[in-house]
Trainee: 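A single structure is presented below for examination.
Heads up: numbering here begins at 1 and tracks the sequence. Reckoned from all heavy atoms, side chains included, excluding hydrogens, waters and symmetry mates.
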Amino acid sequence: MKAIKMEEVQQHLDTFANEPVYIHLETTNGAYAKHFDSNAHNVGAYIRNAQIQYERGKIVESDGTYRVGLKTDGWVYAEGLTDYELNEDGQLLLAGHDQVGRLMVALQISRKPFQM
């Protein structure tokens with residue numbers, strides 16, 4: 001993965017618009033939250049291979065990281081993104097990593113279901 005370049009990610013988002021796609025959306029503070037603070041709560045969300053069709057995808061900068069929103073009848077969005085790649089399967093992989101490289105959030109878009 002490489003650091004997000006807004007213009008490149010926006011171009012990739014545009015190529016998936018107005019067609020059925022599969023998304024993977026995940027967020028976590030992982031076990032490290034409780035490890036470093038016994039009063040902390042581990043939180044996370046995970047959805048894989050949900051099929052949506054978005055009319056517009058938009059990336060914006062937000063406090064040094066990025067937010068990507070996908071406009072459907074409502075909105076799907078991920079915040080805190082830092083890195084991306086378009087892999088050999090044509091899947092757009094977006095991720096947010098903390099200062100030591102731990103995954104905090106992921107948003108992935110694909111024309112085919114993701115492997116389970």
Trainee: Is the count of non-hydrogen atoms from other residues, nucleotides or ligands lying under 6.0 Å from Glu55 atom CD greater than 12?
Mentor: yes
Trainee: If you look at every heavy atom in Arg111 and Gly90, which pair is closest and at what distance?
Mentor: NH1-O, 4.3 Å
Trainee: Just checking Asp63: does its CG atom have more than 12 heavy atoms from other residues, nucleotides or ligands closer to it than 6.0 angstrom?
Mentor: no
Trainee: Please answer whether the main-chain N or O of Phe114 pairs with a side-chain N or O of Asn49 as donor and acceptor at a distance below 3.5 Å.
Mentor: yes
Trainee: Roughly how far apart are Met1 CE and Asn87 CG, rounded to 0.5 Å?
Mentor: 9.0 Å
Trainee: Quick one: does His12's side chain get under 4.5 Å of Asp14's, heavy atoms only?
Mentor: no
Trainee: Between Glu85 and Lys2, is there a side-chain N and carboxylate O pair less than 4.0 Å apart?
Mentor: no
Trainee: Using a cut-off of 6.0 Å, state whether more than 12 heavy atoms not belonging to Lys71 lie near its atom NZ.
Mentor: yes
Trainee: Would you name the heavy atoms of Gln115 and Arg48 that are closest together and state the gap between them?
Mentor: O-NH2, 2.7 Å
Trainee: Can you sort out the partners of Glu26 under salt bridge (Lys or Arg N to Asp or Glu O under 4.0 Å), two or more places apart, ordered by chain and number?
Mentor: none
Trainee: Between His97 and Arg102, is any pair of side-chain heavy atoms under 4.5 Å apart?
Mentor: no
Trainee: Is it the case that the side chain of Gln10 and the backbone of Gly57 share a donor-acceptor pair, with hydrogens and angles ignored and the cut-off at 3.5 Å?
Mentor: yes
Trainee: Ignoring hydrogens and geometry, is there a side-chain-to-backbone donor-acceptor pair from Asp98 to Val100 under 3.5 Å?
Mentor: yes
Trainee: At their closest point, which heavy atom of Met104 faces which heavy atom of Thr27, and how far apart are they?
Mentor: O-OG1, 3.1 Å
Trainee: Are Gln91 and Lys112 close enough that some pair of their side-chain heavy atoms sits under 4.5 Å apart?
Mentor: no
Trainee: Kindly give the cluster partners of Ile59, where membership spreads through any ILVMFWY side chain lying under 4.5 Å from a current member.
Mentor: Ile4, Met6, Val9, Leu13, Phe16, Val21, Ile23, Leu25, Ile47, Ile52, Tyr54, Tyr66, Val68, Leu70, Val76, Leu81, Tyr84, Leu86, Leu92, Leu94, Val105, Leu107, Ile109
